Amino acid sequence: MAEVCAICEGSGMRVVERADGVRVAQRCVCQQERRVERMIGAARIPQRYIHCTLESFDVLPSADRTLQAAVMQARSFVRAYPVETDGKGLLLTGSIGVGKTHLAVGILQALIVERGAKGLFYDYRDLLKEVQNSYDRKVEQSEREVLAPVFEAEVLVLDEVGAAKPTDWVWDTVAHILNTRYNDRRTTILTTNYANQAPLGGTTEGRSAKSVMREETLGDRITERMRSRLQEMCVVVEMQGEDFRQKVKRARFG
């Protein structure tokens with residue numbers, strides 16, 4: 001059972017006295033809090049990341065200076081949204097475990113709470129899988145129905161861009177998503193573990209599979225045309241440092 005607000009006693013309204021002495025009814029603050037809760041719930045933020053806010057993004061004194069700069073850019077972006085950002089988003093790049101997803105979710109939650117934005121979170125691989133599954137006749141959702149919320153979200157966080165194995169179908173689907181949001185001037189925040197560089201090109205003969213995978217760039221994973229489009233859509237934020245999950249949040253019992 002939901003807790004009854006002590007201010008309005010569950011009515012949703014409260015009586016306040018204006019400066020001129022007239023008493024009027026106003027919507028209680030609890031209504032705004034519930035609205036924000038609903039909007040955050042609708043954003044599909046995974047439970048693992050629901051605690052992630054800009055305030056909880058801890059930058060250790062020994063951390064790479066790019067992390068502090070990234071937090072400052074994130075806060076500036078929230079303050080500037082939506083007028084000064086003018087439809088532009090952010091591309092958070094960096095190695096595994098530096099906090100890209102935390103920062104992206106923190107920005108999304110701040111935009112919802114402070115700017116009333118309607119947002120949506122999707123893991124890149126999960127989104128592609130949902131689109132692929134829509135081709136199954138047993139699945140009731142069509143591709144159009146899967147992608148409609150992605151196209152229409154005021155703010156979209158697309159996590160781990162480039163993580164799915166590159167194929168012509170993947171490239172076409174990613175191009176469809178990014179071009180649609182670009183044309184509609186909708187804000188997109190992306191994270192990627194791949195270097196924001198053009199495809200490496202050349203031959204991979206003589207190099208191990210592990211080496212090839214480690215050296216791949218964002219251009220290799222989503223095509224140079226789409227990487228170039230992201231440079232128009234987003235301000236690039238580079239995050240460097242050690243893998244925080246390995247150093248601080250390693251799983252353990254007890």
Side-chain angles (χ1 to χ4, degrees), residues 2 27 29-58 70-71 73-93 98-131 133-134 141-164 173-174 176-178 180-193 230 233-235 237 239:
R27 190 179 296 275
V29 291
C30 71
Q31 297 301 298
Q32 173 63 15
E33 292 170 355
R34 288 171 185 168
R35 179 175 179 272
V36 168
E37 287 176 3
R38 289 195 297 271
M39 292 174 68
I40 290 177
R44 294 176 47 119
I45 299 170
Q47 192 61 38
R48 179 178 292 277
Y49 303 119
I50 200 67
H51 71 284
C52 295
T53 64
L54 295 182
E55 290 70 29
S56 67
F57 192 98
D58 293 326
V71 175
Q73 283 183 279
R75 289 177 174 149
S76 295
F77 183 84
V78 173
R79 286 194 298 269
Y81 183 89
V83 177
E84 295 176 49
T85 55
D86 192 29
K88 286 187 171 59
L90 298 169
L91 173 61
L92 309 182
T93 71
V98 295
K100 299 184 299 297
T101 302
H102 184 140
L103 196 62
V105 171
I107 296 168
L108 177 59
Q109 298 218 55
L111 290 174
I112 293 172
V113 174
E114 299 175 27
R115 294 291 181 261
K118 295 181 179 179
L120 187 64
F121 177 101
Y122 252 110
D123 178 278
Y124 177 81
R125 291 159 297 190
D126 290 345
L127 176 57
L128 292 174
K129 191 65 176 178
E130 282 191 31
V131 174
N133 288 343
S134 70
Q141 250 190 334
S142 66
E143 177 181 349
R144 182 186 295 273
E145 289 171 325
V146 171
L147 288 177
V150 176
F151 292 154
E152 296 167 6
E154 182 180 343
V155 179
L156 172 69
V157 170
L158 197 54
D159 194 36
E160 296 209 27
V161 171
T173 303
V174 173
H176 187 32
I177 293 169
L178 295 181
T180 299
R181 292 191 59 81
Y182 173 80
N183 291 333
D184 292 341
R185 300 182 74 85
R186 297 190 187 274
T187 299
T188 308
I189 299 170
L190 310 99
T191 76
T192 183
N193 294 331
L230 286 182
M233 293 175 63
C234 302
V235 174
V237 179
M239 301 173 65

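What you see is a predicted model, and the numbers here were worked out from it, not measured in a lab.
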Sequence neighbours left out, what passes salt bridge (charged side-chain N to carboxylate O under 4.0 Å, His left out) with R75? Give chain and number order.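 Partners of R75 under the salt bridge (charged side-chain N to carboxylate O under 4.0 Å, His left out) test: none.
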Are side-chain heavy atoms of [X] and [Y] found at a separation under 4.5 Å?
X    : Y    : value
I189 : L108 : no
T192 : D159 : no
I107 : F57  : no
I40  : I50  : yes
L120 : E152 : no
I177 : Y122 : no
I112 : Q109 : no
T191 : Y124 : no

Rounded to the nearest 0.5 Å, how far does [atom2] of [Y] lie from [atom1] of [X]?
X    : Y    : atom1 : atom2 : value
N193 : T101 : CG    : OG1   : 8.0 Å
L111 : E114 : CG    : CD    : 8.0 Å
L127 : E160 : CG    : CD    : 13.5 Å

Minimum heavy-atom distance [X]-[Y], with the two atoms named:
X    : Y    : result
A164 : L128 : CB-CD1, 3.6 Å
V161 : L158 : CG2-O, 3.6 Å
D86  : R185 : OD2-NH2, 2.9 Å
Q73  : V235 : NE2-CG1, 4.2 Å
C234 : T188 : SG-O, 3.6 Å
R125 : A163 : CD-CB, 3.6 Å

Please confirm whether the backbone N or O of A110 pairs with a side-chain atom of R115, one donor and one acceptor, at under 3.5 Å?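 No; zero donor-acceptor contacts below 3.5 Å.
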Apply the test side-chain contact (heavy atoms from CB on, under 4.5 Å) to residues L90 and L103: give CA-CA distance (whole Å), side-chain angles for both, the deciding distance (0.1 Å), then the verdict. CA-CA 11 Å; L90 298 169; L103 196 62; over 6 Å; no
Quick check with a 6.0 Å cut-off and a 45 degree axis cone: is R186 positioned over the face of F151's six-membered ring?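 So R186 doesn't make the cation-pi contact.
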Just by distance, with hydrogens left out, do E154 and Y81 show a side-chain donor and acceptor under 3.5 Å apart?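 E154 vs Y81: donor-acceptor pair found between side chains.
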Would L230 and M233 count as a side-chain contact (heavy atoms from CB on, under 4.5 Å) here? Give the steps. CA-CA 5 Å; L230 286 182; M233 293 175 63; 4.2 Å; yes
Can V150 and L156 be said to form a side-chain contact (heavy atoms from CB on, under 4.5 Å), step by step? CA-CA 7 Å; V150 176; L156 172 69; 3.7 Å; yes
Would L147 and H176 count as a side-chain contact (heavy atoms from CB on, under 4.5 Å) here? Give the steps. CA-CA 10 Å; L147 288 177; H176 187 32; 4.1 Å; yes
